[in-house]
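Presented below is the structure to which this report refers.
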Amino acid sequence: MNSDQTPRLPAVPDRPSLDGLEDKWNAAWSRLGTYTFRAGTPRARVYSIDTPPPTVSGSLHVGHVFSYTHTDIVARYQRMCGLEVFYPMGWDDNGLPTERRVQNYYGVRCDPSLPYDPDFVPPHEGADGKSVRAADQVPISRPNFVELCERLSAEDEKQFEALWRHLGLSIDWSQTYQTIDHHARATSQLAFLRNLARGEAYQQLAPTLWDVTFRTAVAQAELEDRERPGAYHRVGFKKVSDGVPVYIETTRPELIPACVALVAHPDDPRYQPLFGQEVEVPLFGTRVPVVAHHLAAQDKGSGIAMVCTFGDVTDVVWWRELHLPTRSIIGWDGRILADPPEGIDTASGKAAYAELAGLTTFSAQKRIVELLQASGDMVGEPKPITHPVKFFEKGDKPLEIVSTRQWYLKNGGVDLDLRAALLGRGQELDWYPDFMRVRYQNWVEGLNSDWLISRQRFFGVPFPVWYPLDGAGNPDYDHPITPAEADLPIDPASDVPAGYTEAQRGQAGGFIGDPDVMDTWATSSLTPQIACHWRDDPDLFAATFPMDLRPQAQDIIRTWLFATVVRAHLEAASLPWSKAAISGFILDPDRKKMSKSKGNVVTPMGLLEEHGSDAVRYWAACARLGTDAAFEVGQMKIGRRLAIKILNASKFALGFLAEGGTAGTPLALDPAAVTDPLDRSMLAALAEVVAKAGQALAAYDHVRALEATETFFWTFCDDYIELVKDRAHGQGDLAAVASARTALGLALDVLLRLFAPFQPFATEEVWSWWHADGASVHRATWPAPEELPAGGDPAVLALAGQVLGVLRKAKSEAKLSMRAEFASATVTVPTAGLAAAQAALGDIKSAGRARALTLAGGDVEVPALTASELVPPEG
RNA sequence: GGGCCCGUAGCUCAGUUGGUUAGAGCACCACGUUUACACCGUGGGGGUCCCCAGUUCGAGUCUGGGCGGGCCCACCA
């Protein structure tokens with residue numbers, strides 16, 4: 001396709017315009033397959049990109065436009081460098097946001113115990129915002145739920161695709177995936193089974209951070225701290241030996257029935273005498289030991305803390321390291337369990353517990369404070385404080401800690417050899433910008449457990465395992481039954497393991513499916529394997545993996561980036577990609593991160609339609625990787641101006657190409673025809689820009705490349721074109737005219753290619769004016785300095801521009817039109833530059849409208865007007 | 001508590017191993033309709049490079065200490 005990049009006779013529109021270019025060229029690119037990945041290309045000639053799959057249940061915002069533009073600039077540059085770019089697009093429709101949206105939109109909820117209903121019709125097809133109350137939601141099977149998800153996502157994906165196309169992303173739209181589709185589920189389950197077989201995935205019954213709203217376990221990476229009001233409650237625990245109270249201060253008095261010990265620092269002289277003694281838990285009568293541990297802070301509260309199972313993660317550490325018993329009192333719903341834990345044996349203790357049973361932790365706290373005050377065990381009133389509390393990042397209530405059986409994947413949180421290896425992967429990866437590597441290191445070094453990958457949700461990729469039930473109907477978790485890899489994906493809630501029948505489900509001696517689904521990151525961490533078709537296309541996988549680039553946001557280094565590194569390390573013993581490009585956030589003019597809640601979000605499509613895609617891309621391209629950028633409409637207007645200038649300057653230059661050749665053929669752009677020193681100077685300066693821009697883009701510094709190109713382009717327009725205008729129009733001898741026209745054509749040819757990654761629409765439009773149908777600037781070869789004539793002196797253009805500026809300034813200060821003529825003028829230039837300036841004398845005279853111009857060498861730093869006589873234009 | 005990034009013109013930002021008089025665009029002011037472009041052109045004004053102290057012949061740049069802004073992590077009784 002479009003192999004013919006040969007220039008033809010230019011056909012330049014009378015009034016070039018940016019309007020409609022997005023639709024026009026998207027249709028053409030789609031028709032011609034301009035961005036289609038050519039299968040069969042050897043790995044060394046492929047550049048593959050692990051595009052972030054946007055969450056389709058959310059909405060796109062300008063931050064997406066910003067960062068995806070950065071990636072597209074890379075893709076277009078690499079493609080022009082001759083690499084075959086593998087640039088897929090995924091849609092993230094797996095996980096809680098989609099689950100909630102499908103529930104509300106269709107009025108359903110997922111119940112994996114139900115069988116698939118092929119004729120199911122959703123009861124409700126509502127608009128967003130009008131959610132169906134949970135009580136009215138119809139339960140449906142997981143396969144039905146997945147179908148609805150795919151149906152709803154398909155609508156979103158159309159909108160997203162339209163936006164990406166309008167923005168000009170050079171994605172290969174035949175390479176798409178959904179994180180909940182058949183292929184992604186199969187890939188996710190296959191990777192899990194391999195992890196299981198190698199012992200990297202394992203189950204454990206252990207205290208787990210638990211969200212009581214979603215009723216699921218959450219992983220370390222999904223936590224965030226929020227400052228919350230709380231209060232210290234000073235409560236006395238009487239020593240068993242003498243009845244003298246020991247006072248602790250707690251923010252969670254409702255957990256007193258779960259108390260298993262008091263703990264103080266081993267060096268704390270106040271409490272050293274107590275170590276080994278027992279105290280009595282107030283209200284409940286349990287006897288607990290006073291123990292020592294170095295994590296107890298002497299300066300917090302009263303310096304001695306109660307250990308509960310479990311109030312926070314420190315409790316878990318104490319419980320584990322000091323081998324304390326377990327007294328759980330909080331259930332999966334976040335309420336106090338109906339029955340008291342072991343250890344509360346007295347009648348009064350049971351009575352006190354009964355006061356709390358069934359209450360939420362919030363209500364239980366109020367009640368127990370009343371009880372403690374009534375019994376005299378609490379001193380004074382609660383003392384209000386604010387303190388950080390752990391939340392699930394998507395949750396609204398503080399996390400609790402409950403003991404549950406969960407699946408874990410080794411990620412270096414426990415295995416220090418693995419941690420060292422993963423830190424090594426962080427070193428091996430090229431980071432843009434480099435300082436982002438530190439965030440990865442900090443995170444890996446701070447891991448305190450393996451990756452908890454199971455979620456007690458219904459929608460998602462199920463764990464592809466069943467468990468045999470023994471004669472008493474109890475599952476044997478240690479010997480899971482796994483499916484054949486060829487059968488994936490499976491749903492253990494509806495599929496039956498080999499050797500069993502559906503009738504044996506849940507029966508003694510039969511089997512039961514694993515009820516959980518995987519963490520959304522457990523699937524997203526496999527985007528390279530999904531996109532490159534690890535599971536089902538070995539040739540494509542070999543040609544694209546490990547990938548070249550992972551572009552992503554800085555806030556998900558600890559989740560998406562790290563998890564992807566883990567999966568590739570475990571499965572392929574390699575990095576998933578060699579480079580990571582980390583984009584910054586978009587800030588509103590008040591320097592706050594843009595967010596919906598602040599009501600300052602601009603819809604991307606409206607922005608593109610208002611300013612034009614090249615303009616918005618220009619704004620994005622002006623910001624470096626990893627640096628937060630302001631949302632600036634002004635910058636987009638500059639981008640639009642640049643795009644229009646490209647059209648107009650091209651119109652000017654191409655007009656002479658049409659004149660310059662014999663009828664029906666274009667002027668041959670023969671570098672040897674460029675003989676004039678000024679023309680050769682301009683092309684020499686351009687050659688430097690080509691080298692600089694190429695180096696910058698190769699180093700993922702698109703800002704520097706754009707800046708160099710843009711700066712040159714404005715000089716080219718304002719000085720060079722003005723200087724050679726008359727000559728290009730035909731003044732002077734034939735060789736001089738041909739030199740100017742050829743130089744204009746050569747420069748334009750190079751400039752369009754330099755701008756192509758940034759301004760794909762304007763450059764393609766101009767390219768089409770003088771290239772064969774189907775030829776695309778985006779499949780043209782990235783310019784090399786060698787294609788321009790060597791030996792020109794850049795100083796000629798620089799000095800000619802300065803002298804011209806001197807003449808312009810005189811007219812401006814005289815408040816005269818630039819058309820005003822000098823009867824005569826003398827400009828003194830630095831002696832060292834005199835020869836260079838003289839070389840352009842004719843063009844300077846012409847452009848400056850000087851009937852007589854003398855250039856004199858002198859001891860000046862910049863050219864200066866030393867004598868002049870201006871003649872106002874007549875009329 | 002640990003770490004990272006940032007602080008340069010009214011605004012958004014460049015300033016590459018230390019080296020002339022610190023730059024660009026926007027905004028602002030003045031002028032000009034000039035056959036590529038009024039979606040334009042030409043010219044101009046505008047800075048205590050956050051502060052202090054060092055290193056150096058020389059610091060926006062390097063070192064140390066502050067101040068201010070943003071972000072990440074942290075066992076949060």
Side-chain angles (χ1 to χ4, degrees), chain A residues 12 15-19 225-228 230 232-233 248-252 255 262-264 295-297 300-308 311-318 385-390 398 433 435-439 441-443 445-446 448 554-555 557-558 584-585 587 589 591-593 612 615 619 622-624 626-635 637-638 640-641 643-656 696 701 703-704 707 710-711 714 717-718 721-722 725 729 804-805 807-820 849 861-862 873:
Chain A
V12 184
R15 287 195 61 79
S17 165
L18 296 177
D19 296 338
D225 284 355
R226 297 181 198 165
E227 279 295 325
R228 278 304 171 100
Y232 279 127
H233 301 74
I248 60 109
E249 294 198 0
T250 177
T251 56
R252 304 277 320 256
L255 292 178
L262 299 189
V263 62
L295 284 182
K300 249 178 212 173
S302 58
I304 187 165
M306 68 170 182
V307 183
C308 306
D312 61 37
V313 293
T314 318
D315 282 343
V316 178
V317 174
W318 284 325
I385 57 160
T386 59
H387 61 155
V389 179
K390 283 202 189 307
F435 66 77
M436 290 293 179
R437 185 195 316 273
V438 177
R439 301 201 179 184
Q441 286 170 343
N442 285 348
W443 176 252
E445 285 163 358
N448 54 34
Q554 57 186 323
D555 56 336
I557 289 174
R558 67 175 183 171
F585 292 127
L587 309 174
R591 310 300 298 172
K592 296 282 182 340
K593 186 179 166 184
W619 159 71
C622 284
R624 292 177 299 175
T627 302
D628 294 346
F631 175 75
E632 259 201 302
V633 169
Q635 203 71 355
K637 291 182 175 166
I638 300 163
R640 184 175 180 85
R641 199 180 64 144
I644 291 168
K645 196 78 174 178
I646 289 171
L647 296 182
N648 284 317
S650 300
K651 178 190 164 191
F652 176 79
L654 291 176
F656 300 116
D701 188 350
V703 176
R704 192 178 291 272
E707 189 184 39
E710 193 188 4
T711 302
W714 286 106
C717 291
D718 296 344
I721 285 184
E722 292 303 322
K725 192 175 267 182
H729 273 299
L804 183 59
L807 299 177
R808 284 166 171 165
K809 183 173 179 179
K811 295 180 191 181
S812 183
E813 286 176 347
K815 298 191 187 300
L816 288 176
S817 160
M818 288 299 131
R819 227 172 24 168
R849 296 187 185 267
E861 291 184 4
V862 292

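Values below: every heavy atom of this structure, side chains too, minus hydrogens, waters and symmetry copies. By convention in this document, chain letters (A, B, ...) are assigned in the order of the sequence lines, proteins followed by strands, and residues within each chain are numbered from 1.
- Checked by atom type and distance alone, the side chain of A:K811 pairs as donor or acceptor with a backbone atom of A:M818 at under 3.5 Å.
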Within the sub-3.5 Å range, which N or O atoms of nucleotides 5-7 of chain B have a protein N or O partner, and how far apart are they?
none

Extract from the structure each pairing of a protein N or O with an N or O of nucleotides 44-46 of chain B at less than 3.5 Å, listing the distance.
none

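- Looking at heavy-atom distances under 4.0 Å, A:Q635 makes no contact with the nucleic acid at all.
- The NZ-P distance, from A:K815 to B:G32, rounds to 8 Å in whole Å.
- Dashed line: the shortest gap from a side-chain N or O of A:K637 to OP1 or OP2 of B:A27 is not under 4.0 Å.
- Applying the Watson-Crick and G-U wobble criteria (two distances, each under 3.5 Å), B:G1 pairs with B:C73.
- In this structure, B:A30 forms a base pair with B:U42, meeting either the Watson-Crick or the G-U wobble geometry with both donor-acceptor distances under 3.5 Å.
- Side-chain N/O atoms of A:H233 include none lying less than 4.0 angstrom from OP1 or OP2 on B:A77.
- Applying the side chain to side chain contact (heavy atoms under 4.5 Å, CB included) test to A:R558 and every residue at least two apart in sequence or in another chain returns A:E393, A:W443.
- Within 4.0 Å of A:L295, counting heavy atoms only, lies at least one base atom of the nucleic acid.
- Neither OP1 nor OP2 of B:U34 sits under 4.0 Å from any side-chain N or O of A:S817.
- At B:A36, one or more side-chain N or O atoms of A:K725 fall inside 4.0 Å of OP1 or OP2 (strictly under the cut-off).
- Counting any heavy atom pair closer than 4.0 Å across all strands shown, A:V317 reaches no nucleic acid atom.
- A 3.5 Å limit on both hydrogen-bonding distances identifies B:C6 as the Watson-Crick or G-U partner of B:G68.
- Between A:R704 and the phosphate of B:G15, there is a side-chain N or O to OP1/OP2 separation shorter than 4.0 Å.
- Pairing of B:A24, defined by two Watson-Crick or G-U wobble distances under 3.5 Å, is identified with B:U12.
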